Amino acid sequence: MYEVLAEVVRNGFTESRHYGSVAGFAPDGSLAHVRGAARETVLPRSTTKPFQALACLRAGAPLDGERLAIAAGSHTGEDFHVKAVEGILADAGLGADALRCPPSWPEDEATRNALIRAGEGESRVRMNCSGKHAAMLAACVAGGWPLDTYLDPSHPLQRLVRQVMADCAGEDPSPVAIDGCGAPLFGLTLAGLARAARSLVLAEDARPVADAMRAHPEYVGGTGHVNTEFMRALPGSVAKGGAEGVLVAATAEGSAVAVKVIDGSPRATTAIALRALAALGADTTPAGPLGTVPVLGGGRPVGEIRTIPEGRS
């Protein structure tokens, strides 16, 4: 059912294997690259964020530039991220106390260490999903919708998110779950998720989200974040990862892929996506360094996590 997509090789010995599925659409709109269970439903996790950002735009949230990019991203909690999130909230007449995502340390190690030295603790605004939550609150203010219940799946905003995902994926999102940040999470088939990623770069009303992500990739991830580096290496592309081994990527020409590693590990998903895009005809050579992940021994490279070609398992 699932295929071996990547293997961990240490000193020439295959130590582990990552099984999973890939769905890829060619620029002509055909489902041209399928590995594993591409029509199986997955929970898309944070790959949903660009579509949640699009729903916020449709609701009237005044988002553009860095603020739209961070609404579509999973930021690393650096100071410039916090400034953008607080700006979204301030323009909506709100403060950070309106956020309903859980408190968290920033993912950026240098920022986290600086906060610890300063005697500060976890906060909602540093949580990687705070940009999305701030955008949702701004959309509620614009739409005149309740703020306290903005994470309820039956809330007008969340119903709109579900409709946007249906429009982009070409299928009814199901089941309904709750993501790690507390927001509703709508399931899609992996092929539907790849189709949605393709619509992000091609559909007229979705393109502002893609354009913001491409123009400000540091707000989609952060310093050294693999999604940020992916978009910098391949100008015109969008990339968004999520928890439990999910990732979507699309090129400006309309090649799009969705990856699900079934053991939930994200460590090979970028390399797998790059191989899939290359199989669809995209030039991924500028992102070559992202195509393998070093395996360390004693702090030195002794192997690599490498992707497995189609047909070899």
Side-chain angles (χ1 to χ4, degrees), residues 45-116 118 120-143 145 147-151 155 157-158 161 179-185 208-225 227-228 231 238 240-243:
R45 303 303 298 267
S46 283
T47 65
T48 302
K49 286 179 179 175
F51 312 106
Q52 292 168 320
L54 177 56
C56 290
L57 281 184
R58 287 191 184 178
L63 301 169
D64 59 13
E66 298 95 334
R67 293 181 180 182
L68 183 52
I70 204 168
S74 297
H75 66 79
T76 52
E78 296 166 74
D79 290 346
F80 67 92
H81 295 134
V82 170
K83 182 178 179 181
V85 173
E86 290 178 340
I88 295 171
L89 292 169
D91 283 359
L94 302 171
D97 58 340
L99 296 169
R100 291 293 179 265
C101 53
S104 175
W105 289 107
E107 293 183 6
D108 181 70
E109 184 176 2
T111 303
R112 181 172 65 250
N113 290 342
L115 291 175
I116 292 171
E120 298 186 35
E122 297 178 325
S123 66
R124 298 180 192 277
V125 75
R126 298 275 180 182
M127 199 263 176
N128 74 89
C129 298
S130 66
K132 172 182 79 176
H133 282 254
M136 287 181 171
L137 286 163
C140 290
V141 170
W145 296 328
L147 300 180
D148 291 345
T149 57
Y150 78 93
L151 296 182
H155 189 281
L157 175 62
Q158 302 304 337
V161 169
D179 212 339
C181 68
L185 180 63
V209 177
D211 287 346
M213 294 172 70
R214 294 183 282 211
H216 306 283
E218 68 277 12
Y219 285 84
V220 179
T223 303
H225 193 286
N227 292 168
T228 299
M231 290 186 280
V238 295
K240 185 70 194 73

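Everything quoted here is computed from the prediction, not taken from an experiment.
- Between Thr76 and Thr223 the shortest heavy-atom distance is OG1-N, 4.1 Å.
- Taking both residues in full, the closest heavy atoms of Thr111 and Pro106 are given as CG2-CG, 3.9 Å, listed atom of the first, atom of the second, then distance.
- Under the rule for a salt bridge (charged side-chain N to carboxylate O under 4.0 Å, His left out), the partners of Asp91 that lie at least two apart in sequence or sit in another chain are Arg67.
- When side chains are defined from C-beta on, Val161 does not count as touching Pro184, because their heavy atoms never get closer than 4.5 Å.
- Considering CE of Met127 and SG of Cys101, their distance stands at 6.0 Å, rounded to 0.5 Å.
- Of all heavy-atom pairs between Val209 and Ala72, the closest is CG1-CB, 4.0 Å.
- Here the side chain of Asn227 pairs a donor or acceptor atom with the backbone of Gly241 at under 3.5 angstrom.
- Across all their heavy atoms, Gly222 and His81 have their closest contact at CA-CE1, 3.8 Å.
- Between the side chain of Ser130 and the main chain of Val125, a donor-acceptor pair closer than 3.5 Å is present.
- When side chains are defined from C-beta on, Gln158 counts as touching Met136, because their heavy atoms get closer than 4.5 Å.
- Asn128 is listed as a side-chain neighbour of Lys49, based on a closest heavy-atom distance under 4.5 Å.
- Residues Lys132 and Ser74 bring no donor and acceptor atom of their side chains to less than 3.5 Å of each other.
- Judged by distance alone, the side chain of Thr228 and the main-chain N or O of Pro217 form a donor-acceptor pair under 3.5 Å.
- Once rounded to the nearest 0.5 Å, the distance linking NE2 of His216 with CE of Met231 reads 11.5 Å.
- Taking every heavy atom of both residues into account, Ala84 and Ile70 meet most closely at CB-CD1, 4.2 Å.
- No side-chain heavy atom of Phe80 sits under 4.5 Å from any side-chain heavy atom of Glu66.
- Annotation: the span from Glu107 atom CD to Arg112 atom CZ amounts to 9.0 Å, rounded to 0.5 Å.
- Screening Val220, Val85, Val82 for a side-chain contact (heavy atoms from CB on, under 4.5 Å) with His75, the sole residue that qualifies is Val85.
- Using modelled atom types, no side-chain atom of Tyr150 and backbone atom of Ala139 make a donor-acceptor pair closer than 3.5 Å.
- Smallest separation of non-hydrogen atoms from Val141 and Leu147: CG2-CD2, 4.0 Å.
- For the atom pair SG (Cys181) and CZ (Arg45), the distance works out to 8.5 Å, reported to the nearest 0.5 Å.
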